[in-house]
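Values in this document were obtained by computation on a predicted structure and should not be read as measured data. Numbering of residues begins at 1 and proceeds along the displayed sequence.
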Amino acid sequence: MKFDATAAGFLLSSVCAASGWVVWWQNKIKFDKEIAARDAADSATKAYAAKRDFEHLRNNQKDISTGITLGFDEMERRFDDLDRDVLDIKTQLTILNATEHK
């Protein structure tokens, strides 16, 4: 039997092509898994950041509401003080007018 270089070359190139395809396919699967893991991590990070930002906004809203409530309470206290002072002034003026007319 004679050695056929064409058949051997064809067989060798077919084996090399098949093994190259297998290596390429394994790398593609590995790369796709890495991309999916990176996308999942990015998605989780974005979700955490959005939740954190929402919590900050909610806490800021609570602080603003508390500040407004305290401001209105202080204004109400000051108006009560003014009402009491005006009532004292009216009482003193009434007493002063009553003593002048006697």
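- When the side chains of ILVMFWY residues are joined at heavy-atom separations under 4.5 Å, either directly or via intervening members, M75 and I68 end up in a single hydrophobic cluster.
- The NE2 atom of H56 lies 8.0 Å from the CG atom of N60; values are rounded to the nearest 0.5 Å.
- Annotation: salt bridge (Lys or Arg N to Asp or Glu O under 4.0 Å) contacts involving residues 32-50, sequence neighbours excluded, comprise K28-D32.
- If you chain together hydrophobic residues whose side chains sit under 4.5 Å apart, V23 and V15 never meet in one group.
- Within the model, atoms CG of D83 and CD of E76 stand 10.5 Å from one another, a figure rounded to the nearest 0.5 Å.
- Taking NZ from K90 and CG from D88, the interatomic distance works out to 11.5 Å, rounded to the nearest 0.5 Å.
- Both W24 and V22 are part of a single hydrophobic cluster, where members link through side-chain heavy atoms under 4.5 Å apart.
- For the atom pair CG (D73) and OG1 (T66), the distance works out to 10.5 Å, reported to the nearest 0.5 Å.
- Look at R78 and E74 and you find a salt bridge, because one of the NZ, NE, NH1 or NH2 atoms lies within 4.0 Å of a carboxylate O, short of that distance.
- Using a cut-off of 4.0 Å between Lys/Arg side-chain N and Asp/Glu carboxylate O, R77 and D80 are scored as not salt-bridged.
- For the side-chain contact (heavy atoms from CB on, under 4.5 Å) with T91, the lone residue among T94, I89, L93, I95 that qualifies is I95.
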